[in-house]
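What follows is a single structure, written as structure tokens, with notes after it.
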Amino acid sequence: MSKIAPRQLYFFFACIAPLGKLVLLPTQLAQYSANDLLFPAAINFLLQAGVIFLIMLLSRSNSTFFDLLVNTFGKITAKILICIFSLFLIFVSFLPILEQKLFIQSVFYDTLPSTVAFSTFFLFSAYICAKPAGVLGRTWDILAPLAIFGIVGILVFSVANADFAALAPVGVTGAKSIFQSTLYTVSWFYDSAMLLMLMGRFEYQKGMAWKSALFYLLGAAVILLYLAIFFGIYEGIAVRQIFSFAKIGKYNSGVPVLGRIDYLFIFSLTLGLSFYCTMPLHLGVTCLVQAFGGGKYRPALFSVGANLIIFILTILMTYHFATVNKTVNETLCYLFLVFCVLIPAFALLLRRKPREKV
């Protein structure tokens with residue numbers, strides 16, 4: 001199995017991981033914390049960067065998370081725990097994929113039935129999820145330039161129309177609203193949980209811990225700039241501007257002359273998002289392969305099964321997105337804190353070496 005190179009991992013942190021925060025997170029932040037939306041986003045980014053730093057320190061053992069569980073609890077308990085983590089990752093993938101489905105339907109295929117327009121995504125996802133983790137690194141190499149092209153283009157096209165005075169006065173919503181917004185948007189910040197499953201798929205090199213955290217914060221800075229532009233343009237109606245990155249560039253003065261050239265940037269970001277949405281599913285399948293073994297057909301069977309579950313859920317919940325969104329973000333938010341913060345942090349206590357046989 002080919003290993004993920006450090007360069008590829010940095011590409012993921014700085015260029016790919018930020019894409020998942022572009023679709024609906026801005027409107028959620030505006031709903032809960034209005035013009036103070038930068039604060040809860042920054043808190044979650046800093047929290048994730050800290051956890052990523054700890055996981056990278058743990059990865060110096062060059063062992064997988066499953067290996068560490070086996071060393072600490074034994075094989076049977078480790079299989080149970082890794083299956084629970086797999087269920088969490090498969091669950092995590094549901095909301096981003098549902099977001100992506102609604103985004104694709106609204107922006108590109110608004111005249112076609114949503115199921116027909118998006119069903120092919122799951123064929124693509126099932127193929128990707130059946131592949132070994134090394135394929136992720138090669139994918140990030142390709143997607144990173146596209147992501148940079150897309151996000152830089154969107155920022156350049158929209159920054160001139162933003163009134164940053166809309167972010168003042170700072171702190172007007174109060175500490176309680178900022179804390180609540182931080183908690184209710186934590187479901188977009190699951191990168192640490194995915195990194196935990198990538199342990200052992202890359203060789204740790206000196207300085208990777210602080211470099212990984214730094215690259216993640218670099219991507220976070222870009223998203224914070226986008227959030228500032230987003231609120232600077234929409235202000236009071238920001239809570240209704242879903243899928244904002246697909247339309248924020250059309251207000252540029254050059255669009256009437258050049259046409260919707262911003263669609264080049266939107267297509268680039270959408271391609272990156274399509275791959276990012278498959279990552280939790282991919283790593284959930286990886287957990288199942290670790291627990292029950294691989295072989296020739298099992299990864300494909302696990303992949304088809306996981307994607308079929310999410311496909312059925314997206315069909316059933318297409319017209320109940322508001323309920324799903326509210327349930328995941330306001331009721332199940334503590335689940336994300338457990339799996340994306342507490343478990344990765346406490347993983348430092350796991351045994352790095354196998355128990356000695358008596």
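Side chains are part of it too, since the values below use all heavy atoms of this structure and drop only hydrogens, waters and symmetry mates.
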Look only at the side chain of N325 and the backbone of F321, and say whether a donor-acceptor pair between them is shorter than 3.5 Å.
no
Side-chain donor or acceptor of S86 paired with backbone N/O of I82 under 3.5 Å:
no
Hydrophobic cluster membership, with links at side-chain heavy-atom distances under 4.5 Å among I/L/V/M/F/W/Y: are F265 and I142 in one?
no
So, T72 side chain and L68 main chain: donor-acceptor pair closer than 3.5 Å or not?
yes
Donor-acceptor pair, T27 side chain versus R240 backbone, under 3.5 Å?
no
Check for me whether K101 meets the cation-pi criterion with F311, that is, NZ or CZ under 6.0 Å from the six-membered ring centre and within 45 degrees of the ring axis.
no
Atom of N307, atom of C129 and distance for their closest heavy-atom approach:
ND2-SG, 3.9 Å
In a check of side chain to side chain contact (heavy atoms under 4.5 Å, CB included) between I312 and each of I315, I309, L316, which one passes?
L316
C287 and M197, any side-chain heavy atoms less than 4.5 Å apart
yes
Among pairs that include at least one residue of residues 7-20, which meet side chain to side chain donor-acceptor pair (under 3.5 Å), considering only residues two or more places apart or in two chains?
R7-D141, Q8-D141
What is the distance from atom CE of M194 to atom OG of S192, rounded to the nearest 0.5 Å?
8.5 Å
Shortest non-hydrogen separation from D191 to A17 and the atoms involved:
OD1-CB, 3.7 Å
F189 versus I43: any side-chain heavy-atom pair under 4.5 Å?
no
In one Ile/Leu/Val/Met/Phe/Trp/Tyr side-chain cluster, 4.5 Å: V304, F94:
no
Taking all non-hydrogen atoms of both residues into account, name the closest pair between I55 and P344 and its distance.
CD1-CB, 3.6 Å
Show, in sequence, the C-alpha distance, side-chain angles and deciding distance for L313 and I97, and conclude whether the side-chain contact (heavy atoms from CB on, under 4.5 Å) test is met.
CA-CA 10 Å; L313 287 175; I97 288 177; over 6 Å; no
Within this structure, what is the OG-CD1 distance for the pair S125 and I310, rounded to the nearest 0.5 Å?
9.0 Å
Hey, could you give me the CD1/CG distance between I128 and L123, rounded to the nearest 0.5 Å?
12.0 Å
Derivation and outcome, side-chain contact (heavy atoms from CB on, under 4.5 Å), residues L283 and L198
CA-CA 8 Å; L283 296 173; L198 289 173; 3.8 Å; yes
Determine, using the 4.5 Å side-chain heavy-atom cutoff (strictly less than), whether L146 and I223 are members of one ILVMFWY cluster.
yes
If you round to the nearest 0.5 Å, how far is NZ of K21 from CG of L224?
11.5 Å
How many angstroms lie between CD1 in I84 and CG in L89, if you round to the nearest 0.5 Å?
12.5 Å
For the pair T286 (side chain) and H282 (backbone), establish whether a donor and an acceptor sit closer than 3.5 Å, ignoring hydrogens and angles.
yes
Audit row: S244, Y226, side chain to side chain donor-acceptor pair (under 3.5 Å) steps and yes/no:
CA-CA 10 Å; S244 58; Y226 174 79; 2.6 Å; yes
Just verifying a value: how many Å separate L9 CG and F12 CZ, rounded to the nearest 0.5 Å?
7.5 Å
If you take all heavy atoms of G200 and K3, which pair is closest and at what distance?
O-NZ, 2.6 Å
Residue from F85, F91, F65 passing ring pair (Phe, Tyr, Trp, His ring centres under 6.0 Å) with F339
F85
Quick one: closest heavy-atom pair of L19 and C15, and the distance?
CG-O, 3.5 Å
Quick one, L29 and F231 - any side-chain contact, counting heavy atoms below 4.5 Å?
no
Whether over 12 other heavy atoms sit under 6.0 Å from Y127 OH:
no
Between T139 and I16, is any pair of side-chain heavy atoms under 4.5 Å apart?
no
Side chains of V328 and L335, heavy atoms from C-beta outward: is any pair under 4.5 Å?
no
For T64, check side chain to side chain contact (heavy atoms under 4.5 Å, CB included) against everything at least two apart and list the hits.
F66, D67, R201, Q290
Do C340 and V51 come within less than 4.5 Å of each other through their side chains, counting heavy atoms only?
no
Knowing that exactly one of Y184, F179, F39 qualifies, which makes a ring pair (Phe, Tyr, Trp, His ring centres under 6.0 Å) with Y32?
Y184
F13 and side chain to side chain contact (heavy atoms under 4.5 Å, CB included): which partner among L217, L195, L214?
L195
For D36 and G171, indicate whether the former's side chain and the latter's backbone hold a donor-acceptor pair under 3.5 Å.
yes
Step by step, work out the side-chain contact (heavy atoms from CB on, under 4.5 Å) result for L269 and F149.
CA-CA 8 Å; L269 294 176; F149 170 75; over 6 Å; no
side-chain contact (heavy atoms from CB on, under 4.5 Å) between N62 and E203, worked out
CA-CA 6 Å; N62 288 320; E203 293 289 343; 3.4 Å; yes
Decide if the gap between the ring center of F336 and the ring center of Y190 is smaller than 6.0 angstrom.
no
For V285 versus A306, what's the shortest heavy-atom pair and its separation?
CG2-CB, 4.2 Å
Atom CZ of F124 with >12 non-hydrogen neighbours under 6.0 angstrom
yes
Does D262 reach the main-chain N or O of G153 with its side chain, forming a donor-acceptor pair under 3.5 Å?
no
Quick one, T173 and N35 - any side-chain contact, counting heavy atoms below 4.5 Å?
yes
Taking a hydrophobic cluster as the set of Ile, Leu, Val, Met, Phe, Trp and Tyr residues connected by side-chain heavy atoms closer than 4.5 Å, whether directly or through intermediates, do L46 and W210 fall within one such cluster?
no
Decide whether F121 and L24 are clustered together by the hydrophobic rule: side chain heavy atoms of Ile, Leu, Val, Met, Phe, Trp, Tyr closer than 4.5 Å, transitively.
yes
Taking the six-membered ring for Trp, is the centroid-to-centroid distance between F245 and F103 below 6.0 Å?
yes
Is any side-chain heavy atom of V338 closer than 4.5 Å to one of I343?
yes
